Amino acid sequence: MENVIRKDDSLYTKNLIPGESVYNEKLIKIGDTEYRYWDPFRSKLSAALLKGLEDLPLKKKSKVLYLGAASGTTPSHVSDIVENGRVYCVEFSPRAIRKLVSISEKRKNMFPILEDANFPEKYAHLVENVDFIYQDIAQPNQTEILIKNSIFLKGYGAICIKARSIDVTSPPEKIFKKEKKKLEEHFEIIDFLRLEPYEKDHAFFFFKL
Ligand SMILES: C[S@@+](CC[C@H](N)C(=O)[O-])C[C@H]1O[C@@H](n2cnc3c(N)ncnc32)[C@H](O)[C@@H]1O
């Protein structure tokens, strides 16, 4: 993946806004280029890559729809990666989006959208077709939310599934199997992995349309 490096078993992204960290992460310099530490305990995408996820087709010009952007931790790394592209960040919590908005004032490729991802029609006028969808939303209907948003998708995507948000009583493996079946009706699954030890009872699916 462009703009991502691995050093001493850790990942770093090339800092789009040199000199600035987003969540107090460490900044390092290699030659003239500054990189931001990509914390796998704060970002499930970093965790998935460290767990062996195959390289994602994210390029410098990619357009990404990010569902569940929270206060911008992982979205900021995606913004580093797609430096000349766009990251449409959907988040429904007014409190979380406040920080996302301030990050986006500097990161011109990030577009915060305060909306419920259950209703893509409400932000269809703000979003274009994208090369990649990334979703990290802990809701009982998380797979259905992704499927609804695939109207914007031209290429690939990834979803983090939190088993306990779907059913606290069922074993995670059983839940992941059920969600996988639903995903397979709409997408071709390329990779599946668990995120332990970084996140408990989370699965990560990488797929294409
Ligand atoms: C686990 S956090 C995301 C963390 C973020 N992806 C990161 O790595 O920096 C999940 C976020 O999804 C948001 N969320 C949950 N349901 C949502 C919905 N229906 N529409 C939009 N955002 C939602 C929550 O408010 C929360 O901020």
Side-chain angles (χ1 to χ4, degrees), residues 1 4 10-13 15-16 20-25 36-51 53 56 58 64-82 87-104 106-107 109-124 126-127 130 132-152 157-168 172 175 179 193-196 198-206:
M1 218 182 324
V4 181
S10 297
L11 296 176
Y12 293 80
T13 56
N15 196 356
L16 187 66
E20 304 237 353
S21 65
V22 171
Y23 53 101
N24 262 329
E25 72 282 8
R36 301 164 54 221
Y37 175 60
W38 194 359
D39 189 343
F41 290 97
R42 303 280 302 271
S43 171
K44 296 172 196 99
L45 185 50
S46 174
L49 289 163
L50 287 176
K51 290 275 327 244
L53 173 70
L56 296 179
L58 286 174
V64 179
L65 176 60
Y66 193 120
L67 305 168
S71 48
T73 303
T74 305
S76 69
H77 288 286
V78 177
S79 145
D80 282 345
I81 295 166
V82 304
V87 192
Y88 297 98
C89 300
V90 179
E91 169 56 53
F92 78 169
S93 155
R95 213 169 70 127
I97 211 169
R98 228 171 282 149
K99 175 143 190 232
L100 186 69
V101 168
S102 86
I103 296 169
S104 309
K106 292 199 174 137
R107 295 178 166 266
N109 62 1
M110 278 174 74
F111 300 88
I113 299 171
L114 178 63
E115 281 296 353
D116 184 339
N118 275 294
F119 305 104
E121 64 279 8
K122 289 195 178 172
Y123 45 87
L126 300 172
V127 172
V130 293
F132 201 90
I133 285 189
Y134 181 73
Q135 181 178 307
D136 179 14
I137 282 182
Q139 293 283 355
N141 66 333
Q142 44 200 291
T143 302
E144 288 75 13
I145 291 178
L146 173 74
I147 292 165
K148 283 185 201 172
N149 279 274
S150 65
I151 51 165
F152 300 114
I159 180 171
C160 309
I161 302 229
K162 183 176 179 181
R164 297 181 72 78
S165 299
I166 294 173
D167 186 346
V168 276
I175 295 171
E179 299 307 301
L193 30 99
R194 296 280 298 257
L195 296 183
E196 284 86 1
Y198 304 107
E199 293 281 353
K200 199 166 174 266
D201 299 337
H202 277 73
F204 190 101
F205 291 92
F206 168 41

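In listed order, ligands and their atoms are each counted from 1. Predicted model only: the values in this text are computed from it and were never measured.
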Q | Proximity flag C160 to ligand 1, non-hydrogen atoms under 4.0 Å | A | no

Q. So which protein heavy atom does atom 20 (N) of ligand 1 come closest to, and at what separation?
A. A117 N, 2.8 Å

(Q) I'd like to know if the side chain of D39 reaches the main chain of E25, judged simply by a donor and an acceptor atom lying under 3.5 Å from each other, with no hydrogens or angles considered. (A) no

(Q) Checking side-chain contact (heavy atoms from CB on, under 4.5 Å) between C160 and each of D136, L45, T74, which is the one that passes? (A) D136

Q. Which atoms of ligand 1 have any heavy atom of Y66 under 4.0 Å away?
A. 5 (C), 6 (N), 7 (C), 8 (O)

Q. Is a side-chain donor or acceptor of S76 paired with a backbone partner of T73 at a separation under 3.5 angstrom?
A. yes

Q) Should you measure from each heavy atom of E115, which atoms of ligand 1 turn up under 4.0 Å away? A) 20 (N), 21 (C)

Q) Given side chains that start at C-beta, do those of P75 and E91 come closer than 4.5 Å, heavy atoms only? A) no

Q) Taking the non-hydrogen atoms of Y134, is any one of them nearer than 4.0 angstrom to ligand 1? A) no

Q) Which atoms of ligand 1 sit under 4.0 Å from any heavy atom of Q139? A) 15 (C), 16 (N)

Q. According to the interplanar angle, ranging from 0 to 90°, do the rings of H77 and W38 count as parallel (below 30°), tilted (30 to 60°) or perpendicular (above 60°)?
A. parallel

Q | Any donor-acceptor pair under 3.5 Å from K148 side chain to N118 backbone | A | yes

Q: For P75, take its heavy atoms, then give the atoms of ligand 1 lying under 4.0 Å from any of them.
A: 9 (O)

(Q) Using only atom types and a distance under 3.5 Å, with no angle test, would you say the side chain of E115 pairs donor to acceptor with the backbone of P120? (A) no

Q: Would you mind running through ligand 1 and noting each atom that sits below 4.0 Å from a heavy atom of N118?
A: 19 (N)

Q | Option whose closest heavy atom lies nearest to atom 13 (C) of ligand 1, chosen from Q142, E91, K162 | A | E91

Q: Please work out whether any backbone atom (N, CA, C, O) or any side-chain heavy atom from C-beta onward of S71 is under 4.0 Å from ligand 1, and answer side chain, backbone, both or neither.
A: neither

**Q.** Side-chain heavy-atom pair F132, L56 within 4.5 angstrom cut-off
**A.** yes

Q: With heavy atoms under 4.0 Å as the rule, classify the contact between K44 and ligand 1 as side chain, backbone, both or neither.
A: side chain

Q. In the protein, which heavy atom is nearest to atom 8 (O) of ligand 1, and how far is it?
A. T74 OG1, 2.5 Å

Q: Within a distance under 4.0 Å of any heavy atom of S93, pick out the atoms of ligand 1 and give their elements.
A: 25 (O)

Q) How close does the nearest protein non-hydrogen atom get to atom 22 (N) of ligand 1, and which residue and atom is it? A) F92 N, 3.3 Å

Q | Main-chain N/O of A117 paired with N149 side-chain donor or acceptor, under 3.5 Å | A | yes

Q.
Tell me if a side-chain donor or acceptor on K106 pairs with a main-chain N or O of L16 at a distance below 3.5 Å.
A. no

Q. Which of the listed options, D136, N141, I145, holds the heavy atom that is closest to atom 10 (C) of ligand 1?
A. D136

Q. Hey, looking at atom 3 (C) of ligand 1, which of S165, S43, G68, S46 has the closest heavy atom?
A. G68

Q) What heavy-atom pair brings Q135 and Q142 nearest, and what distance separates the two atoms? A) NE2-O, 2.7 Å

Q. With atoms numbered from 1 as shown, which atoms in ligand 1 lie under 4.0 angstrom from a non-hydrogen atom of D116?
A. 18 (C), 19 (N), 20 (N)

